[in-house]
Amino acid sequence: QVQLVESGGGLVQAGGSLRLSCVASGRTFSTYAMGWFRQAPGKEREFVARIRWSGGSAYYTDSVKGRFTISRDNAKNTVYLQMNSLKPEDTAVYYCAAVLSTALAGPMTYSGVDFWGKGTLVTVSS
């Protein structure tokens, strides 16, 4: 009932920036928060950042704090991930995620995600 479409991935050099976008459609009024996961080659999908629709409270994984910023535009049903000072280890497929739960306090968990986007590839060269 909720569809998520990511965009903005691409190839950048280390130290560069990208901004990812995720547009939500469908029953977006039922979602509590949206965020981003990423999955690097040969690794598990990991939480990156999330933001609540109401109030804009954000939460980040330690490895991206100070470099990435998550934001949202409620009127456009869109969440953004501004990625600065990119490192080769940031290379991954980035997935948009949405949750229905109103009990989200910390990071999103894989099993707790209710809706997933198909992903957008970010490649950071050295």
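Values below: every heavy atom of this structure, side chains too, minus hydrogens, waters and symmetry copies.
When atom types are taken as modelled, the side chain of Thr120 and the backbone of Gly9 share a donor-acceptor pair closer than 3.5 angstrom. Remark: side-chain polar atoms of Thr28 are not paired, donor with acceptor, to backbone N or O of Ser25 under 3.5 angstrom.
Every salt bridge (charged side-chain N to carboxylate O under 4.0 Å, His left out) that Lys65 has, sequence neighbours left out, goes to Asp62. Taking the side-chain hydrogen bond (donor to acceptor under 3.5 Å, both in side chains) definition, one finds that Thr61 meets it with nothing, sequence neighbours left out. Gln39 is linked by a side-chain hydrogen bond (donor to acceptor under 3.5 Å, both in side chains) to Arg45, counting only residues two or more places apart in sequence or in another chain. Lys118 is linked by a side-chain hydrogen bond (donor to acceptor under 3.5 Å, both in side chains) to nothing, counting only residues two or more places apart in sequence or in another chain. With sequence neighbours excluded, the residues forming a salt bridge (charged side-chain N to carboxylate O under 4.0 Å, His left out) with Glu46 are Arg38, listed by chain and number. With sequence neighbours left out, Tyr32 forms a side-chain hydrogen bond (donor to acceptor under 3.5 Å, both in side chains) with Arg52. Among residues two or more places apart in sequence or in another chain, the salt bridge (charged side-chain N to carboxylate O under 4.0 Å, His left out) test is passed with Arg27 by none.
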Practice item. Output, in order, the C-alpha distance, side-chain angles, deciding distance and verdict of ring-ring contact (aromatic ring centres under 6.0 Å, His included) for Tyr95 and Phe37. Key: CA-CA 5 Å; Tyr95 296 90; Phe37 285 70; 8.6 Å; no
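The side-chain hydrogen bond (donor to acceptor under 3.5 Å, both in side chains) analysis of residues 7-17, with sequence neighbours excluded, yields the pairs Ser17-Asn84. Pairs passing the salt bridge (charged side-chain N to carboxylate O under 4.0 Å, His left out) check and including a residue from residues 12-25, sequence neighbours excluded, do not occur. Annotation: disulfide (SG to SG under 2.5 Å) contacts involving residues 1-113, sequence neighbours excluded, comprise Cys22-Cys96. The side-chain hydrogen bond (donor to acceptor under 3.5 Å, both in side chains) pairs that include a residue from residues 68-81 number zero, where partners must be two or more places apart or lie in different chains.
Hydrophobic clustering, defined by side-chain heavy atoms of Ile, Leu, Val, Met, Phe, Trp and Tyr closer than 4.5 Å, groups Val124 together with Val2, Leu4, Val12, Leu18, Leu20, Met34, Trp36, Val48, Ile51, Trp53, Tyr60, Val64, Phe68, Ile70, Val79, Leu81, Met83, Leu86, Tyr94, Leu100, Phe115, Val122.
With rounding to the nearest 0.5 Å, the separation of CG in Leu121 from CG in Leu11 is 9.0 Å.
Heavy-atom neighbours of Gln1 CD from other residues, nucleotides or ligands within 6.0 Å: at or below the threshold of 12.
Residues Ser126 and Pro88 come closest through the heavy atom pair CB-CG, 3.9 Å.
No single ILVMFWY cluster, assembled from side-chain heavy atoms under 4.5 Å apart, contains both Trp116 and Val23.
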